[in-house]
Amino acid sequence: MTTSSKALLTIQNLSCERGFRQLFQQLNFELFAGEVIRIAGPNGAGKSTLLNVLAGISSDFDGDILYQNQPIKDVSYEYRENLCYLGHAKAVKTPLTPRENLQWFCSMYPTRSDTSIDAVLEQVGLMYFKDQICAQLSAGQKQRVALARLIISAAKIWILDEPFTAIDQSGVQQFETLIAEFAQDGGAVLVTTHHALNITGNYRCLDLGDYL
Amino acid sequence: MKSLVQFFFKLGSPNWFYKVSSYLVPVFALLSIGLMSWGLVAGLLYAPMDFKQGNSYRIIYIHVPSSFIALSCYYMMALLAAVYLIWRTKMAAIVLRSCAVIGAAMTFIALVTGAIWGKPTWGTWWVWDARVTSMLVLFFIYMGIFALSKAYEREELGSKAAAILALVGTVNIPIIYWSVDWWFALHQGATLKLTEKSAMDSAMLFPLLVMIAATYCLYVLLILLHSRAEIIRSEQRKQWVKDLVK
Amino acid sequence: MSDVSSASLRRPSMAKACWQLFLAESKLLIRRPMDVFNPLLFGFLVTLMFPLGLGPDPATLAKLAPGLVWIIALLSCLLATDQLFREDFDDGSLALWLLSPQPMYFLVMTRVFVHWLASGFIITLVSPILAIMLNIPMQAIPALFLSILIGSVSLIFIGAIGAALTVGLKNSSILLTLIILPLYVPVLIFGAAGVQAATMDMAAGSYLAILAAFMFLAVSLAPLAIYGGLKINLDAG
Amino acid sequence: MQFNSLQELWFMGGHGSYVWSAFAITATVVLGLVLQPILKRRKVFADIKQRKQFEAQQ
């Protein structure tokens, strides 16, 4: 397990308020390569807001976010290249086929050249559905298209916002092994879920409850 | 020069703006009341009758100042929009939102008084004159910005959206004014000139200048009042606001 | 899976990204033809309304036709841009799109251009038919076609600004209209005036030149505002 | 002084109704613009005072 000395992502006294509600304040933590952090906390504690802020979607926050010790505003291009964000909605375009979805993704994000779209689709078990429009696929299969996207992307950091909603047990299992493998290969994952992940290796839980 | 930049920089913090404005509000209140009453008395009572329009021309003393304010308020809003989008100063958003309200109200006044003035002069309540038409378009742009700023639950998003629309509007307003003027010249020819003031003698013109000055002071007063109310509302959780309440 | 940090990368170029976006968007539109036809049906419906309201007398219709056809084209373009980013916003691909390392200026431009092909261009093809139904003098048809062809580009790009600013809101179509119609005023003035001039056998070239100027202004500046608007709604979503 | 009696001022050579209605509308709009923020500020202060009393009792 490679732990580079420099942290991939450093968050220094991050605080966020939405409307009149103070979500979390003075949040400090670091994300190292090979580490999986689960963000837990009561509902409405700002888990999704935290991921939005880290992914660069929202810019309403106080504090600093550093990617390899540089503020993300200065290295935004490099930061976006190494980040893959998966929101609540799975960002799968239903009128397109899984293959077209991935082609669309590969045209925008840097992807790994050692695998191909077909190989990745087979890896997630969409062998026979490569050319069927996603509208006809089940929720589980749509989830796998998002999974395939994560696999083929060359991002070093994954930010996953409740990836396990509406998935059956086998899907959750497959996703967890994928996260573990990615972490072992030096990736870093930030994930919010309602239940604990059974992942071995460098996995810890960060509770937003004690930063309210 | 350093202190000037310092001044503008500190103006960005709501707390400091609130303190400074508490001195300015009485000053501008007195100024606008004084100038307004002087202008109205001079305009309504002492200015001579216009040989063509009789006494109905006296409406000019509120129609022209409000159209001046309507346009200058828009460009102030565009400036604040740029400041807000670049530096994210909270105060710029607050003043931007109050500008939208005041600008819309001033444009409304200009339109209504223009229509009322048109009736005795041209016999119709609404005349599609170039100035009135572009004023109507400006009114809808104000309403669009105001509605957009209220459409989002989170205020800062509403302000950002309103700021973007204000900047888009800034590019469009000169084009709209130019194309409406051109359109008016194409269709009507120069017969119907509501805005082309006949050469006014000084007794008529002087009250107009006083009224324009009075309306600008009123405009600053209104911005201060609206911004102060908005500061108190959005910072009500902060300690310095709580200390203000005994 | 080989080690992440040392995996060789395929960095897509921006041109490839634009081309892929173009393909994806056009597939989307081809697979859902109704989105393309709705504005057309709306155009024909409104064309039906005018004779019912103004009376069937060909002379009055011919006099009003240039302005009417332009207003119909304008309203159809406005209607077409209402749902422009809505679907991306709902299925989450807006986040994927905006967070990509590609420079957004040209991607947004490609996206709105494809949308123009599906709505503005098709309305342009249909507008001569609408004009004939409104009994427009025949010599004005070419000028009408050209002016709506050029004008509809700026209509769609300006409409896209409104669509981007209101995509996250619930009942946004009224707000979209309130925001965008005032910005349509110059395009309508010069468009209708051009066709009017053509009906009286005067040269419409200068009007088309001004419309082209509006077009370039809209195409070059609108993507900045569209990108800003989308980022705001992404944050609100 | 252009008008030598109040009645003449009100009538203003037939244009009185237009001039005074224009001024009346402007006065109401400006009054509304001035009063609205004052009332809003007062209301927020009242809320804060209420909240402070509530916190004082905790």
Side-chain angles (χ1 to χ4, degrees), chain B residues 29 32 36 40-41 44-50 53-63 65-66 98 101-102 105-106 108-110 112-121 203 215 218-219 221-237 241-246, chain D:
Chain B
S32 47
M36 193 77 78
L40 284 181
V41 162
L44 283 177
L45 306 183
Y46 289 95
M49 254 184 19
D50 179 78
Q53 294 176 7
N55 284 312
S56 69
Y57 87 95
R58 294 181 197 281
I59 296 181
I60 197 173
Y61 294 124
I62 34 174
H63 176 70
S66 49
S98 25
V101 174
I102 295 163
M106 284 294 169
F108 174 75
I109 292 175
V112 165
T113 50
I116 295 176
W117 188 9
K119 179 72 175 114
T121 331
T215 318
L218 175 70
Y219 167 52
L221 174 71
L222 288 174
I223 284 193
L224 289 178
L225 283 176
H226 279 254
S227 309
R228 282 161 62 83
E230 189 58 26
I231 291 172
I232 294 294
R233 193 189 62 75
S234 61
E235 306 285 312
Q236 57 189 317
R237 295 292 158 129
V241 175
K242 285 187 181 149
D243 302 342
L244 291 176
V245 175
K246 256 69 67 198
Chain D
M1 170 74 166
Q2 278 297 310
F3 311 97
N4 30 42
S5 82
L6 258 186
Q7 205 273 340
E8 206 185 312
L9 173 70
W10 174 255
F11 187 61
M12 227 184 225
H15 293 147
S17 59
Y18 300 115
V19 173
W20 294 116
S21 60
F23 277 81
I25 292 170
T26 317
T28 38
V29 172
V30 168
L31 210 62
L33 276 177
V34 170
L35 289 181
Q36 190 259 343
I38 293 172
L39 297 178
K40 177 165 142 182
R41 208 161 65 99
R42 200 163 282 161
K43 180 180 158 305
V44 173
F45 275 147
D47 293 350
I48 296 175
K49 186 191 283 284
Q50 216 182 5
R51 223 175 289 131
K52 275 179 96 163
Q53 277 150 3
F54 177 71
E55 275 149 18
Q57 282 154 11
Q58 284 323 82

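So you know, we letter chains A, B, ... as the sequences are listed, proteins then strands, and number each from 1. None of the values given here were measured: they were computed from a predicted structure.
The neighbour count for D:L6 CG, taken as heavy atoms of other residues, nucleotides or ligands under 6.0 Å away, does not exceed 12.
For B:I109, the part sitting under 4.5 Å from any heavy atom of chain D is the side chain, from C-beta outward, and nothing else. Both the backbone and the side chain of D:V19 come within contact range of chain B, judged by heavy atoms closer than 4.5 Å. Both the backbone and the side chain of B:I232 come within contact range of chain D, each with at least one heavy atom under 4.5 Å from a heavy atom of that chain.
Between chain D and the options B:V101, B:I62, B:I59, the largest number of non-hydrogen pairs under 4.5 Å is found for B:I62. When each of D:V34, D:V30, D:L33 is checked for heavy-atom pairs under 4.5 Å with chain B, D:L33 comes out on top. In terms of heavy-atom pairs under 4.5 Å with chain D, the best-connected choice from B:I102, B:L44, B:L244 is B:L44.
Screening B:L224, B:L225, B:I223 for a side chain to side chain contact (heavy atoms under 4.5 Å, CB included) with B:L221, the sole residue that qualifies is B:L225.
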Cross-chain donor-acceptor list, chain D x chain B, under 3.5 angstrom:
unit_1	atom_1	unit_2	atom_2	d
D:Q2	N	B:L45	O	3.0
D:M12	O	B:N55	ND2	3.1
D:H15	ND1	B:Q53	O	3.4
D:H15	ND1	B:N55	N	3.3
D:H15	ND1	B:S56	N	3.2
D:L33	O	B:H226	NE2	3.0
D:K40	NZ	B:E230	OE1	2.7
D:R41	NH1	B:Y18	OH	2.5
D:R51	NH2	B:Q236	OE1	3.3
D:K52	NZ	B:K242	O	3.0
D:K52	NZ	B:V245	O	3.0

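Evaluation of the salt bridge (Lys or Arg N to Asp or Glu O under 4.0 Å) test over residues 14-38 of chain D, restricted to residues two or more places apart or in two chains, returns none.
To the nearest 0.5 Å, the span separating CD1 on B:I116 from CD1 on D:I25 amounts to 4.0 Å.
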